[in-house]
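Note that the structure is a prediction, hence the values are computed from the model and not measured. Residues: numbered from 1 along the sequence shown. Atoms within a ligand are numbered from 1 in the order they appear, just like the ligands themselves.
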Amino acid sequence: MIEVLKSADDLARQKWDVLIPTMGALHPGHQSLIKLAKNYGEKIVVSIFVNPLQFENKIDLENYPKTIETDMQMAMDAGATAVFAPSEEEIYPSKIEQVNAGELGDLFEGAARVGHFSGVLTVVKRLFDLVKPKHAIFGEKDFQQLFLIKEMVEKLQLPVNIVSAPTIRDANNLALSSRNLRLSESEKKTANVIFQALSTNSLEKAKEVINGQPLFQLDYLNLIDEETFKDAGPATKSKRLIIAGWVNQVRLIDNKAVGGK
Ligand code: PAF
């Protein structure tokens, strides 16, 4: 079985090349991050911590899937060295420095989830402080999260290299997420509209595609500048379509570089 670490002391016995922060409920998308980690070093630790600070809704937090045994097996199969599964007291002792996600923290995903990104940044910073990895890997699926983490690392000059990993998709081109488990087969087919819209490489055409699928309830669809996360303009070099919405009661998010695969 894979080594399971619980405390800062456990972590301190080894030097970690790569950290992959997760909240558990691992799926092949997470495994792809672990496989990518092998390009960056041998000692790979996957953290599993369901972070209460990033849940604005208590019921969501209580219902968050906890599958630690399967997670350990999946982490091991993908090639991780260890799993770091700390208690809440270990991550949040009485005094802990909070990180504020700033203005962008209140837009797009942040508009729907008040305080979410400050909670994410606070736990990620804490994990970096505890694990001290040379590299940390995050999926591009959560593109706003990835952007804010890179921004935090730069601003606070944290000694860690942030690696972004491409989104893994299922047979319907739906970005892998633990939430997909709550979709029926026909709902997954409905959700394919997201990838169809992103594949148009155009905001106008993407809107038309979305409008043609009444079972998808759009939250936002924007064309952003990847370097600033502001609306793309004529001078923008790298553009990305970002989208969020609901199929039935399940909130889905995705994004794709314009012209990208
Ligand atoms: O993307 C996630 O699973 C979480 O937001 C993260 C980065 C593990 C922080 O809790």
Quiz item: Does the distance from a Lys or Arg side-chain N to an Asp or Glu carboxylate O, for Asp219 and Arg251, drop under 4.0 Å?
Solution: yes
Quiz item: Tell me: protein heavy atom nearest atom 1 (O) of ligand 1, and distance?
Solution: Gln145 NE2, 2.9 Å
Exercise. Record the part of Ile149 in heavy-atom contact with ligand 1 below 4.0 Å; permitted values are side chain, backbone, both and neither.
Key: neither
Quiz item: For ligand 1, which atoms have a heavy atom of Val123 less than 4.0 angstrom away?
Solution: 9 (C), 10 (O)
Quiz prompt | Per-atom contacts of ligand 1 with Pro21, taking only distances under 4.0 Å to non-hydrogen atoms | solution = 8 (C)
Quiz item: Which of the listed options, Lys141, Met23, His30, holds the heavy atom that is closest to atom 3 (O) of ligand 1?
Solution: Met23
Quiz item: Looking only at protein heavy atoms, which one is nearest to atom 9 (C) of ligand 1, and how far off is it?
Solution: Gln54 OE1, 3.3 Å
Practice problem: Quick one: pull up CD in Glu103 and CG in Asn100 and give me the separation to the nearest 0.5 Å. | Solution: 10.5 Å
Quiz prompt | Test log, rule side-chain hydrogen bond (donor to acceptor under 3.5 Å, both in side chains), inputs Gln54 and Asn51 | solution = CA-CA 6 Å; Gln54 70 188 77; Asn51 174 31; 2.8 Å; yes
Quiz prompt | Residues Lys134, Asp17: salt bridge by 4.0 Å N-O rule | solution = yes
Quiz item: Cation over ring, Arg240 on Phe143, under 6.0 Å and within 45°?
Solution: yes
